[in-house]
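Right, one structure below, let's go through it.
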2 protein chains.
Amino acid sequence: MDFVPLGLATDLVILTVRGGRLQVLLIRRGIPPYQGHWALPGGFVRPDEDLEATARRELAEETGLSAEGLHLEQVATYGAPHRDPRGRVVSVAYLALVPDLPAPVAGSDAASASWIDVNAVLEEHAADAVQDGRTGVREVRLAFDHRRILADAVERARAKLEYSPLATAFCPPEFTISELRGVYEAVWGIPLDPRNFHRKVTRTPEFVTPTSATTTRDGGRPAQLFHRGTATTLHPPMTRA
Amino acid sequence: MDFVPLGLATDLVILTVRGGRLQVLLIRRGIPPYQGHWALPGGFVRPDEDLEATARRELAEETGLSAEGLHLEQVATYGAPHRDPRGRVVSVAYLALVPDLPAPVAGSDAASASWIDVNAVLEEHAADAVQDGRTGVREVRLAFDHRRILADAVERARAKLEYSPLATAFCPPEFTISELRGVYEAVWGIPLDPRNFHRKVTRTPEFVTPTSATTTRDGGRPAQLFHRGTATTLHPPMTRA
DNA sequence: CCAAAAGTGTTGTATCTACACCCATGT
DNA sequence: ACATGGGTGTAGATACAACACTTTTGG
């Protein structure tokens with residue numbers, strides 16, 4: 001057996017939708033390298049620990065949620081020889097989707113964790129585009145190759161919304177069609193027609209199933225509440241513009 | 001840094017279409033563990049070698065082709081603690097697509113490599129389904145977790161044929177629409193209407209571009225020859241039944 | 001001439017988009 | 001009453017499946 005010395009880690013791209021915006025959980029690094037930069041949460045795989053178990057453990061640590069029931073999937077593995085200046089570290093990236101948490105990020109360790117607007121990180125940073133008055137976040141440089149990992153994970157999420165019921169993973173157990181539409185709009189970054197969206201979702205077999213309850217939490221006429229259906233793929237798929 | 005002792009390897013799922021069937025390159029293991037079983041070609045990542053470089057090196061070694069221009073993409077990483085009985089080995093799986101080689105598998109090292117029908121490997125093996133008179137191949141048990149890796153890679157290929165021009169990676173530089181259809185039929189395992197397929201492919205922008213040449217190698221009326229277009233995604237996508 | 005494969009036209013059906021319109025609540 | 005969001009109906013455009021039909025070669 002050929003045991004080249006290397007570290008094996010998992011990095012997590014934890015996404016949520018808050019206030020109509022797609023956000024990612026980032027940690028500000030307190031120590032070099034990349035001290036002061038933002039980074040994806042992650043950690044080393046323990047001996048005899050499965051890769052997904054590592055990711056799920058990190059997810060629980062960072063969000064304070066029991067990771068059961070949360071969506072978690074592997075995205076890709078990054079292993080360029082010098083991606084970490086300290087030595088060879090190969091990292092398996094996972095994508096996690098969580099609903100908008102009522103509780104703030106709790107249980108995270110000493111480092112400061114925050115929800116950061118994904119667009120603020122991924123937008124091209126022309127030197128003159130620095131001042132963005134709306135969000136306050138101006139420029140977010142990620143440590144290591146984490147910008148690429150984030151981009152790959154977000155692209156995965158965008159693509160999977162089309163043909164899978166993944167968007168429900170961003171929602172609480174019971175949700176309205178409008179709230180589900182809000183997820184699509186936030187992740188894709190485009191507005192959708194509320195009426196056509198409603199029809200499409202409710203007519204796609206097993207995408208969502210109605211409960212007997214309604215809510216007025218979004219204002220206006222009471223909306224039917226739904227929970228996830230049993231579908232694993234959507235026929236026909238949802239379509240972006 | 002946390003250097004747990006482990007081996008890092010890449011495994012290759014090299015697919016081709018021969019005689020209208022989807023086939024995978026497998027190697028018969030000459031030594032334990034799993035001596036005598038079929039396995040995916042693979043090998044350990046060298047110090048300072050990028051993951052994809054490892055995969056491309058293995059691909060060139062096994063097929064005897066220069067790996068340049070061949071399609072190669074990462075599929076997933078497999079790291080269950082006891083997937084290899086010799087110790088902890090984490091493997092990054094890559095999918096490679098090659099055209100039907102005029103030359104047989106050359107340059108492969110001592111172990112015997114063969115093209116094996118993918119269906120013969122992936123079909124469910126109920127104990128009483130062992131005797132399959134049609135294909136002659138009865139039972140192909142793969143070593144390690146390679147059956148799962150193969151299944152994941154094939155599913156990836158099947159899905160990508162829908163929305164990407166990936167099928168052209170199975171074809172020689174110049175090909176007819178029929179040959180391209182043969183790829184879809186082999187990978188998806190279903191027949192397609194030649195007339196609708198022709199229209200669909202030629203009307204999808206930048207999927208294929210016509211050359212000035214024709215061929216009669218498929219018999220019948222001479223067929224227009226095409227080469228790959230510049231599209232990276234297909235609009236509209238190709239559809240399975 | 002016939003067989004075989006290439007390629008075009010047509011028709012009915014499903015789906016999408018855009019938008020008019022009505023429904024049920026809070027204030 | 002009116003603002004707000006929930007939900008249904010409908011018409012034109014687009015795409016699809018099925019299949020009749022014509023074209024161009026080899027034998």
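Each chain gets a letter, A, B and so on, in the order the sequences are listed, and its residues count up from 1.
If you find the closest nucleotide of DNA chain D to A/A223 and to A/R199, the one lying nearer the 5' end belongs to A/A223. Residue B/P237 is the one, among B/G220 and B/P237, whose nearest nucleotide of DNA chain D lies closer to the 5' end (criterion: closest heavy atom). Between A/G219 and B/E179, the one whose closest nucleotide on DNA chain C sits nearer the 5' end is B/E179.
Atom CG in A/L180 sits about 12 Å away from atom P in D/dG7, given to the nearest Å. Separating the CG atom of B/L192 from the P atom of D/dA18 is a distance of 11 Å, rounded to the nearest angstrom. Per the geometry, CG belonging to B/L225 stands 9 Å off P belonging to C/dG7, to the nearest Å. Across the protein-nucleic acid pair, A/F226 atom CZ and D/dG7 atom C1' stand 10 Å apart, rounded to whole Å. Whole-Å rounding puts the B/F197 CZ to D/dA17 C1' distance at 15 Å. The CG atom of A/D193 sits 12 Å away from the P atom of D/dG6 (whole-angstrom rounding). Atoms CZ (A/R195) and C1' (D/dG9) sit 12 Å apart, rounded to a whole Å. The separation between B/N196 atom CG and C/dT10 atom C1' is 11 Å, rounded to whole Å.
Residues A/F175 and A/V208 meet the side-chain proximity criterion, which asks for heavy atoms closer than 4.5 Å. Side-chain atoms of A/L95 and A/L15, non-hydrogen and from C-beta on, do get closer than 4.5 Å to each other. Side-chain contact between B/Q74 and B/E52 is absent, with no heavy-atom pair separated by less than 4.5 Å. A heavy-atom distance below 4.5 Å is not found between the side chains of A/L72 and A/L70.
Heavy atoms of other residues, nucleotides or ligands lying less than 6.0 angstrom from CZ of B/R57 number more than 12.
Of all nucleotides listed (C/dA6, C/dT25, D/dG7), C/dT25 comes nearest to the side chain of A/P222. For B/R221, whose side chain is taken as the heavy atoms from C-beta onward, the closest listed nucleotide among D/dT24, C/dC21, D/dA17 is D/dT24. Closest to the side chain of B/P236, out of D/dC19, C/dA5, D/dC16, is D/dC16.
An OP1 or OP2 oxygen of D/dC16 is reached within less than 4.0 angstrom by a side-chain nitrogen or oxygen of B/K200. For D/dG6, the OP1/OP2 oxygens have no side-chain nitrogen or oxygen of A/T216 closer than 4.0 Å. For the pair A/H198 and D/dG6, the criterion of a side-chain N or O lying under 4.0 Å from OP1 or OP2 is not met. Proximity of A/S178 to the phosphate of D/dG6: a side-chain N or O atom is located under 4.0 Å from OP1 or OP2.
Across all strands, A/T176 comes closer than 4.0 Å to no nucleic acid atom at all (heavy-atom distances).
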